[in-house]
Chemist: 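Sending over a structure as structure tokens; questions will come in a sec.
Since the structure is predicted, the reported quantities are computational estimates derived from the model, not experimental observations. Chain identifiers are assigned alphabetically (A, B, ...) following the order of the sequence lines, protein sequences preceding nucleic acid strands; residue numbering begins at 1 within each chain.
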Amino acid sequence: MASLGVTPRSEDYARWYTDVVQKADLADYSPVRGCMIIKPYGYELWEAIKRELDRRFKATGHQNAYFPLFIPMSFMEKEAEHVEGFAPHLAVVTHGGGQKLDEPLVVRPTSETLIGHAFSKWIQSYRDLPLLINQWANVVRWEMRTRLFLRTTEFLWQEGHTAHATYEDAQEETMRMLDVYTDFAVNEAAIPVMPGRKSEKEKFAGALASYSIEAMMGDVKALQAGTSHNLGQNFAKTFEIKFLDENNELKYCWTTSWGVSTRMIGAIVMAHGDDKGLRLPPRLAPYQAVIVPIHRTAEERATVLDAAERIRAMLDDGGVRVILDRRDDVTPGYKFNDWEMRGVPLRIEIGPRDVQNGTVVLARRDLPAGQNKTSASQEGLVGRVIELMDEIQANMLRQATEFRDAHLHEVNSYDELKEVVRDGWALAWFCGRPECEDQIKADTGGATSRNFPLDQEGGEAKCVACGRPAKEKAYFAKAY
RNA sequence: CGGGGCGUGGCGCAGUUGGCUAGCGCGCUGCGUUUGGGACGCAGAGGUCGCCGGUUCGAGUCCGGCCGCCCCGACCA
């Protein structure tokens with residue numbers, strides 16, 4: 001590679017992002033337009049995300065299942081808003097086994113229709129409710145413009161689908177999963193997301209109400225990092241998901257769906273990355289610590305590697321995800337930069353001096369060069385490292401929160417809003433009308449409502465854009 | 001789909017108004033010296049210049065068409 005580092009963020013943020021994703025070995029382009037190859041290091045990160053989300057899904061009573069990739073075209077067409085929303089993005093299979101199919105098959109862009117169909121067969125009684133299902137799957141959406149992890153033609157995600165007896169139960173589920181996503185983003189990914197309700201214009205095709213967690217990226221743009229939808233009875237009516245209640249009355253179910261995708265990896269890259277590359281939160285990092293041995297002579301090499309291996313085994317036993325970089329063909333300096341680019345939270349250096357003193361040098365990825373190195377005793381190192389993981393995790397969340405808050409502004413006038421969204425997020429009274437949102441988008445060069453935050457102070461005021469009555473405030477920002 | 005940029009060893013690029021054996025850096029292989037912030041020497045391997053057609057004595061270079069990729073917009077997780 002001509003340049004070993006990445007393009008500085010200030011020079012070209014989009015280029016920086018692409019550089020980091022590729023040079024940190026997360027993903028590569030594929031022969032097919034818009035598709036990506038997730039490389040082992042990137043996939044391990046995804047596995048960590050899956051692990052933490054799945055744990056939370058199970059803890060809230062959900063079970064995993066798997067539904068097919070192909071959906072009959074007619075299913076997609078049953079729900080009017082849904083087909084309108086997804087039709088432009090569908091990949092359609094017209095031939096199979098060399099024969100033209102009687103009915104084209106859609107490669108799932110999302111599975112509400114197919115799962116709705118299955119639910120209609122599974123549910124008869126109120127005793128079958130709630131039905132709480134999740135699936136981990138790939139989906140395909142033929143988007144105009146793609147970017148690694150942020151928007152690819154095929155992507156990996158989880159989609160939760162649930163059915164309930166009442167609106168209240170469905171709404172409670174919708175909010176519960178939004179909470180799960182918020183908790184995951186804040187406590188695992190160290191991203192201080194903003195949970196809230198989507199506007200009429202931004203909500204999911206076919207939903208009663210959509211909720212999202214919105215994350216601020218390093219260029220201040222917003223990224224929708226997860227969504228939770230109350231689908232009302234729209235899909236239940238379309239797919240005949242009915243049950244007999246306690247009074248022997250036949251009723252339609254209330255359903256929800258919610259999803260988080262590989263886009264979360266893009267969110268982590270852009271929420272935490274710096275000009276040296278990736279910075280991973282310890283709780284999700286494939287490697288939480290890397291040991292870099294330093295030596296000159298053959299004897300030094302032997303004693304240093306011996307000590308390094310002992311420390312590696314110690315940390316491994318202590319539950320730390322650790323790797324010992326034994327490469328002989330590159331210098332320690334190269335390794336330092338290499339692992340920094342890959343975002344490993346903690347580097348443990350060990351050289352002849354350390355072996356003699358019974359110490360190691362600890363270098364934190366979350367602190368700036370010059371104030372990130374300390375010496376530590378090998379004795380009690382496991383405890384110290386585990387402690388540091390928590391410190392680094394907390395510090396990354398603190399850094400991201402400070403950055404977010406520095407770019408969040410409450411505004412009281414339209415002029416103020418237009419000014420703020422150039423380099424920040426604006427919180428403003430908003431009537432929620434699509435026409436009004438279109439106007440704001442046109443006047444601001446692309447800013448859209450992100451969501452209505454959950455914690456509203458109440459009251460009523462004039463919409464910042466049109467002056468009509470508004471009951472809530474919404475965040476506005478340019479978004480990915 | 002509109003605007004911009006780009007296709008030359010694995011990666012990043014140079015290649016003048018067409019000209020002789022297509023170069024450079026990084027990476028890769030071997031040997032030796034190195035190693036506390038991106039090491040160095042020597043010897044090697046690796047190319048139908050995106051594809052098709054045309055102009056010409058001669059095309060990486062000029063012309064036409066096609067394909068692909070990246071970035072910016074409209075659309076979206």
Chemist: Look at all strands and tell whether A:T297 reaches a base, only sugar-phosphate, or nothing, counting heavy atoms closer than 4.0 Å.
Modeler: nothing
Chemist: Choosing from B:G36, B:A39, B:G37, which nucleotide comes nearest the side chain of A:E340?
Modeler: B:G37
Chemist: Let's see if you can work this out: which of B:C75, B:C71, B:G36 has an atom nearest to the side-chain heavy atoms of A:R147?
Modeler: B:C71
Chemist: Among B:C76, B:G37, B:G36, which is the nearest nucleotide to the side chain of A:I294?
Modeler: B:G36
Chemist: Determine the interatomic distance between P on B:C11 and the same-named atom on B:C51; round to the nearest Å.
Modeler: 15 Å
Chemist: At under 4.0 Å between heavy atoms, what does A:P88 touch on the DNA or RNA strands: base, sugar-phosphate, or nothing?
Modeler: nothing
Chemist: Which part of the nucleic acid, if any, lies within contact of A:K441, taking any heavy atom under 4.0 Å across all strands shown: a base, the sugar-phosphate backbone alone, or nothing?
Modeler: sugar-phosphate
Chemist: Assign A:D12 to base, sugar-phosphate, or nothing according to its heavy-atom contacts below 4.0 angstrom with the strands shown.
Modeler: nothing
Chemist: Roughly how far apart, to the nearest Å, are B:U48 and B:G2 at atom P?
Modeler: 33 Å
Chemist: Quick check on A:Q63: does its CD atom have over 12 non-hydrogen neighbours (other residues, nucleotides or ligands) under 6.0 Å away?
Modeler: no
Chemist: Please give the distance between the P atoms of B:G65 and B:C71 as a whole number of Å.
Modeler: 26 Å
Chemist: Mark yes or no for a side-chain to base donor-acceptor pair under 3.5 Å between A:D354 and B:G36, with no hydrogen or angle criteria applied.
Modeler: yes
Chemist: Would you measure the distance from the C1' atom in B:A77 across to the matching atom in B:C67 and give it in whole Å?
Modeler: 30 Å
Chemist: Please report the distance separating the C1' of B:G23 from the corresponding atom of B:G32, rounded so that it comes out in whole Å.
Modeler: 29 Å
Chemist: Scan A:V361 against the nucleic acid and name what it touches under 4.0 Å (heavy atoms): base, sugar-phosphate only, or nothing.
Modeler: base
Chemist: Classify the nucleic acid contact of A:E143 as base, sugar-phosphate or nothing, counting any heavy atom under 4.0 Å across all strands shown.
Modeler: base
Chemist: Could you check which nucleotide pairs with B:G37 in any of the strands shown, counting Watson-Crick or G-U wobble with both distances under 3.5 Å?
Modeler: none
Chemist: Would you classify A:Y29 as touching base, sugar-phosphate or nothing, given that sugar-phosphate means primed atoms plus P, OP1 and OP2, and contacts are heavy atoms under 4.0 Å?
Modeler: sugar-phosphate
Chemist: If pairing requires Watson-Crick or G-U wobble contacts with both distances under 3.5 Å, which nucleotide is the partner of B:U55?
Modeler: none
Chemist: Using the P atom as the point on both nucleotides, what is the distance between B:G50 and B:C6, in whole Å?
Modeler: 14 Å
Chemist: Does A:R151 put a side-chain nitrogen or oxygen below 4.0 Å from OP1 or OP2 of B:C76?
Modeler: no
Chemist: With sugar-phosphate meaning primed atoms plus P, OP1 and OP2, does A:G259 contact a base, only sugar-phosphate, or nothing at under 4.0 Å between heavy atoms?
Modeler: nothing
Chemist: Hey, are the side chains of A:E200 and A:K203 touching, using non-hydrogen atoms and a 4.5 Å cut-off?
Modeler: yes
Chemist: Whom does B:C49 pair with, Watson-Crick or G-U wobble, provided both distances fall under 3.5 Å?
Modeler: none
Chemist: Touch check for A:R347, heavy atoms < 4.0 angstrom, all strands: base, sugar-phosphate only, or nothing?
Modeler: base
Chemist: Given the structure, check if the side chain of A:K373 and the base of B:G37 hold any donor-acceptor pair shorter than 3.5 Å.
Modeler: yes
Chemist: Which nucleotide in the list B:G37, B:A77, B:C71 gets nearest to the side chain of A:R263?
Modeler: B:A77
Chemist: Considering only the P atoms, how many Å lie between B:G36 and B:A22, rounded to the nearest integer?
Modeler: 41 Å
Chemist: Can you tell me, in whole Å, how much space there is between the P of B:C42 and that of B:U56?
Modeler: 48 Å
